[in-house]
Amino acid sequence: MNETREESIMEENLTEILKVRREKLAKLRETGKDPFDITKFSPTHKSTTILNEFEFLEGQEVVIAGRIMTKRVMGKASFAHILDSSGQIQIFVQVNALGKEAYEDFKAMDIGDIIGVEGEVFKTKKGEISVKASEITLLSKSLQPLPEKWHGLKDTDLRYRQRHVDLIVNPDVRKTFIIRSKVIQGIRRYLDEKGFLEVDTPILHNTAGGASARPFITHHNTLDIDMYLRIALELHLKRLIVGGFDKVYEMGRIFRNEGMSVKHNPEFTMIELYQAYADYEDIMELTEDMISTVAKDVLGTTEIEYQGQPIDLTPPWNRMTMVEAVKKYTGVDFDSLKEEEVARALKEIGIEVDNPVTWGEALNIAFEERVEDKLVQPTFITDYPIEISPLAKKIKHDSRLTYRFEIFITGREFGNAYTELNDPIDQKERFIEQAKQRAEGDDEAHMMDEDFVSALEIGMPPTGGLGIGVDRLIMLLTDSYSIRDVILFPTMRQRDK
RNA sequence: GACCCAUUAGCUCAGUCGGUAGAGCACUUGACUUUUAAUCAAGGAGUCCGGCGUUCGAGUCGCCGAUGGGUCACCA
């Protein structure tokens, strides 16, 4: 190895390609053309506006700004494509139009640089709508090369860690996140029009409630207490129903300290809504109407495709009780089974359980193991066992079950809803039962929440509530395979050590 | 947490049987005034993810580790 070269690489720790760009910047600074001195630039048009309204804009002067994505220099004339927030447009650059010095400056610009271009809208010989540059301003120098124009950035690790690069070079990614934004807007618009009040409730909780999940724990220094990042929005929202708001919702980030997968990110976005004087039947209607409305608003249709499967979101959706669903897919009729018979019934359909299970637990296991992934078209599964539904009102004629439903599409759970339990005495007993399970080592069992019970004692009207995993809904509507593809910066391990 | 797969130039990828590292794009220099994966000529660019081992010799084989992906487990 050549020692001097090795030293210089150590010194700068830069590859040649990075050095060249830094040298170009240094030269610009020496000649008083530092792009980073510029504080403002005022484009008059977006690229797609020019493409869409060419017949009106042909021959007119426009100013655009964006990033150089391709560059083809052919002696005294050049072409380049500029990417702005709306898309790409070609520019045509000639030494005659620009002058010699400015043209040389342009030739020294790199793919990735951000420029402003003033010029006339025209169509090239080959028929591409373009801007004939009369002035080019370098607005920012890019010191790192972009990934290849043809294959883009494929390495998932780099795509998630450097999402900014992913967004520049992979147009579908940009599209996905635009749809994400529109879906969220659409949900808000729908609920606002229905008279729901959007609220913000705390993310730092003293007890982590509203779901069965392990929380993240953090610490408040001044109060010197451990706090939990919320695992659900539920309990505060119901306290607002107690407080007299009839219809509330919150769309926000929640945090669950659990495994990661194609369907799970540790932090994700949830919408929860509560409507006083409504039951879960009303909420089913609202759910199918809201999701189909948003799909139509954003995609223009309720008939979509997810990973090759056609999905029809048009209401009304299928409805089945959990008992009916298990009977349909396994032949086992839990309704007529006694508690001591359920373990044998599970065994008959090929499910072994280690610990003794209650009737409701067995029903839920049978459902999860043998039914869930069959529910491809939108389906409400209703009437969940009471043991796994500590916040839902029990069914009047069958105390084993609650007025609860979950939404299944593509074999996955999308949402959860109840006729809310508003009997404070029952609620307290349910929490006590959960606390017992917690003491027995189930760290996902619900925590006792005295503040919430106290709120119910003040009196909560009969209420229907709903929670929907927004990221999963966006996956469905953008045909994304992984939840990481709909979260801009998914949770990743620190790279250095 | 378990298992499987991947990691080679800035990016996308080849790399045979273990024998001193390759392509395209990008970059540099030159030619070129309507190109569009521009073209043509020349050139530069590597911690082969890291460590240890086997071997005369390791990108290649073995072990340990890192990061990512997938499957499963867990999971309103």
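Quick note on labels: first sequence line is chain A, next is B, and so on, each numbered from 1.
In this model, the phosphate group of B/G68 is approached by a side-chain N or O of A/R161 to a distance below 4.0 Å at OP1 or OP2. Contact between the side-chain N/O atoms of A/R484 and the OP1/OP2 oxygens of B/G68 is not found at any separation under 4.0 Å. Distances shorter than 4.0 Å separate none of the side-chain N or O atoms of A/R214 from OP1 or OP2 on B/C75. Phosphate contact (OP1/OP2 of B/U35, side-chain N/O of A/R72, threshold under 4.0 Å): absent. Between B/A26 and A/K149, a contact under 4.0 Å exists linking OP1 or OP2 to a side-chain N or O.
Counting non-hydrogen atoms under 4.0 angstrom, A/Q144 reaches nothing in the nucleic acid. A/K24 comes within 4.0 angstrom of sugar-phosphate atoms only, judged by non-hydrogen atoms across all strands, and of no base.
Between A/N96 and A/K76, the side chains place no donor N or O within less than 3.5 Å of an acceptor N or O (distance only, hydrogens not considered). Looking at A/E128 and A/H81, their side chains do bring a donor and an acceptor atom within 3.5 Å of each other.
Annotation: B/C13 and B/C52 have their P atoms spaced 30 Å apart (nearest Å). The gap from the P atom of B/A58 to that of B/G68 amounts to 30 Å, rounded to the nearest Å. Of the P atoms belonging to B/U54 and B/U67, the separation is 28 Å, rounded to the nearest Å. A gap of 11 Å separates the P atoms of B/U8 and B/A14, to the nearest Å. When the P atom is used for both B/C64 and B/C25, the distance is 42 Å, rounded to whole Å. Comparing B/U60 with B/G53, their C1' atoms sit 15 Å apart, to the nearest whole Å. Look at the P atom in both B/G15 and B/A23: the space between them is 15 Å, to the nearest Å. If you take atom C1' in B/G70 and the same atom in B/A31, they sit 50 Å apart, rounded to whole Å.
The partner of B/U20 cannot be assigned: no Watson-Crick or G-U wobble pair with both contacts below 3.5 Å exists in any strand. In this structure, B/C52 forms a base pair with B/G62, meeting either the Watson-Crick or the G-U wobble geometry with both donor-acceptor distances under 3.5 Å. Base pairing annotation: B/G30 forms a Watson-Crick or G-U wobble pair with B/C40, both donor-acceptor distances under 3.5 Å. Pair assignment for B/U67 gives B/A6, based on Watson-Crick or G-U wobble hydrogen-bonding distances that are each under 3.5 Å. Base pairing of B/A73: no nucleotide in any strand meets the Watson-Crick or G-U wobble criterion (both distances under 3.5 Å).
At a cut-off of 3.5 angstrom, the base of B/C11 holds no donor-acceptor pair with the side chain of A/H151. With hydrogens and angles ignored, a donor-acceptor pair under 3.5 angstrom links the side chain of A/E16 to the base of B/G44.
With rounding to whole Å, A/M260 atom CE is found 18 Å from B/A73 atom P. Between A/D110 atom CG and B/C25 atom P there is a gap of 17 Å when expressed in whole angstrom units. Atom NZ in A/K19 sits about 18 Å away from atom C1' in B/A26, given to the nearest Å. Atom NE2 in A/H264 sits about 12 Å away from atom P in B/C72, given to the nearest Å. Between the CD1 atom of A/I68 and the C1' atom of B/A38 there is a distance of 17 Å, given to the nearest Å. The distance from atom CZ of A/F106 to atom P of B/U33 is 15 Å, rounded to the nearest whole Å. A/K107 places its NZ atom 7 Å from the P atom of B/A31, with the value rounded to the nearest Å.
Each of A/F122 and A/P147 has a nearest nucleotide on RNA chain B; the 5'-most of these lies closest to A/P147. Nearest-nucleotide positions on RNA chain B for A/I111 and A/F79 put A/I111 closer to the 5' end.
Within a 6.0 Å sphere centred on NZ of A/K33, heavy atoms belonging to other residues, nucleotides or ligands number more than 12.
Between B/C75, B/U36, B/C25, one nucleotide has an atom nearer to the side chain of A/Q90 than all others, and that is B/U36. Picking from B/U33, B/G10, B/G68 the nucleotide with the shortest atom distance to the side chain of A/I17 gives B/G10.
A/V376 places none of its side-chain heavy atoms less than 4.5 Å from the side chain of A/I409.
Between the side chain of A/S212 and the main chain of A/A445, no donor-acceptor pair closer than 3.5 Å is present.
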Notebook entry, point to check: salt bridge (charged side-chain N to carboxylate O under 4.0 Å, His left out) between A/K141 and A/D110: does it pass, once the steps are laid out?
Noted result: CA-CA 8 Å; A/K141 185 74 195 158; A/D110 288 300; 2.7 Å; yes
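Between A/F122 and A/F92, the two ring planes are tilted [angle within 30° to 60°].
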